[in-house]
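Here's the structure, in structure tokens; my notes come after.
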Amino acid sequence: MKQFKLIPLAVLASLTMSSCDDLLEKDSMDTVTIDQYLTSDANLRAYTYSSLYGPYSWTNYEAKFSWCANELTVGNVYHNYSDEGSFFFLNFGAANAHLLNGFEALYGVISRCNMIINNLESQCSAGVSADAIKKAKGEAYLFRGLCYFLLTEYWGETYIVTNNENVITSDNTFSVPKSDRACLYAQAEKDFAAASTLLPAEKWGDFKERPSSKAAYGMLAKLYLTMGAASTNDPTGAAAAHPFYADKTYAEYNTMAYQYATMALEGAYLEMNDYENLFWPKQYNQENLFSLYFEDGPYGAGSCRQQNFARSCYMTQAEDYYGGEKGLTVNLFKSFEAGDIRKKACCYYTDQATDMPATGSLDPSNPTKGRTPVYKMYQDNDYVYFYNPSKTFADKKGNVISPYGSEPLSPCLNACRKFVYGVHLQNKFSAPLSFAWLRTADLYLMRAEAAMALATAPAEVSTPTTAGLADINVIRKRAGLAPYTQPIALYNTDPAVPTQVTYSGDDGKTFPSYTTYSDTYDLLEERRHEFALECQNWLDLKRIYYRNSFAGNEFLEHEDRAATYAQAYGVEDYVKGISDLQRNKEINMIDPSQPAETELDYSNVAWFFPIPAKIQNSGSNQAINHDVASIKNGTYSY
């Protein structure tokens, strides 16, 4: 696979960074400086790279909002700390700082897109070709469409600005009206359509890292799939407070989604040889149709993901780490089928039932002996997961001789791997990672979802069908799994299972019965396995919620996301393996003095996030624009 070509960012950052705190503002750059820089096709490519693709432009979005608003809300990752953890417990409010960071970042990218779309021809010298300008504008339309799609999926009604002469500020002085979901979808649709005509038919750039028209087709497929689900206007769900005034039917939207996914799949590359290469640092994998690219450099140039998700300093190659308790939730971890290669790609775990070897003693100089799976790290070193190495490797005097340094017991008995590979960095918050907005696997699964939607009634998300099964099996084959032959539903209700556990601890007590839910395979689960940690699955779940709000809420309740493990009741020795660990709920039920799992309230889930408190209370910006026609015909005045 092609590796990142690092380009100097100092000059580019000065061209694209804003100097004030407005969310969307007039161009504050020195136009003469831009004119002096945009003198060649190569300089224009560097300028759009810095403006649109990640370094500095997307930092505040990716740093925390992206995974808080997706991996935590949907229950893929266990994390309970502070303002971040409030997304996991679904009790965040308008004052949450990460909401504001995500909101600001998206409008910051929109501002850069507007400058390219509206001003580029006048800023480029004669040395810049018409073809280069056409591609640059196509990229800007693609990114702006993405931003408006994300804004309406996260926040519902929000602001559309296509000309930076109109200003959104954080001091409640602006007068741009909010637009409804239909207007925002229409703007995204218009931008993706423009991108499809301006971008070339195939990927381009030095390493084929820049998007083609197929990326725009794919985003149109995702948009139409979402609009089809939203067009049902379930009166008990999103339609109540955030209605979508559709101008096409459920069948028409899903037919268009199917058609555009098919167009995007023409000649598409699916990585069959090295699944993990899709996420490995410094790579341009051709399965990724449309990506962000971060670099190893000063703060803002790279991604914070390794630092935020690493279990230990061994995985950050730095002095600290922030992911000690993070891991796939018990529900998601257990749902992977045997042999699914994506499980190892998603998380660090062990197949062994104990940290202790079957025979002999622990050997810190050869920790991988007899253990699976063995993970390859970025520095070409090997790593294996131990449940509780800080205690397992402690000697009689309490000295820890763990081969990987201090590593905490993970509450869910695994740690996050995807995007966490132990890269030694110039700045611990700047890892050279790429994050795909759209992969070929997504095209297959979106086409399958559209086919399933066309074969079932709008509210029937749990009706099994064989429609789309061939596309699903393409992705299962890549994952190392056998073809699925039975009808499959978009979402299956997981049946309740009364559970009674007897633990033969020091007192041999029996736990009272409580309810868990057995896992059943469905398309949502397939998408979780494929895209876990890629910040997509909350939006996948929302499509189910749009069609059937009961099913969306039921998923959140049945996934039992707060399940964690702790030292078993009555065990005095230090924890050595899974046999000595027990679910926290059980521990609390037999011994109420022990900490209990946090119970989640699913009665008032914020399926649409509140507009950040810093900007939401101006009386002048609360009007709602419903004029879709002005978006489509170009007369929209902002």
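Since we're looking at a predicted model, the values are computed, not measured. Each residue takes its place number in the sequence, starting with 1.
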Between Trp58 and Trp437 (judged by ring centroids, cut-off 6.0 Å), do the two rings come close enough to count as a pair? yes
Looking at Tyr546, is Arg181 sitting on its ring face, NZ or CZ under 6.0 Å from the six-membered ring centre and within 45 degrees of the normal? yes
Aromatic ring centroids of Tyr154 and Phe65 under 6.0 Å? yes
Using the six-membered ring of Phe192, assess whether NZ or CZ of Arg144 lies under 6.0 Å from its centre and within 45 degrees of the ring axis. no
Distance to the ring centre below 6.0 angstrom and angle to the axis at most 45 degrees; does that hold for Arg561 and Phe88? yes
Which word best sums up how the rings of Tyr404 and Tyr383 line up, parallel for under 30°, tilted for 30 to 60°, or perpendicular for over 60°? tilted
Parallel, tilted or perpendicular, judged at 30° and 60°: which one describes the rings of His79 and Tyr81? tilted
Any sub-3.5 Å donor-acceptor pair from Ser82's side-chain atoms to Glu84's backbone N or O? no
Between Tyr349 and Tyr385, does the ring centre distance come in under 6.0 Å? no
Parallel, tilted or perpendicular, judged at 30° and 60°: which one describes the rings of Phe609 and Trp538? parallel
Does a donor on one side chain sit under 3.5 Å from an acceptor on the other, for Asp519 and Tyr517? no
Between Ser462 (side chain only) and Tyr491 (backbone N and O only), is there a donor and an acceptor less than 3.5 Å apart? yes
For Leu332 and Ala532, the nearest pair of non-hydrogen atoms, with its separation, is CD2-CB, 4.2 Å
Does any pair with a residue in residues 479-488 pass side-chain hydrogen bond (donor to acceptor under 3.5 Å, both in side chains), and if so which ones, sequence neighbours excluded? none
Cation over ring, Arg528 on Phe333, under 6.0 Å and within 45°? no
Is the NZ or CZ atom of Lys326 both under 6.0 Å from the centre of the six-membered ring of Tyr321 and within 45° of that ring's axis? no
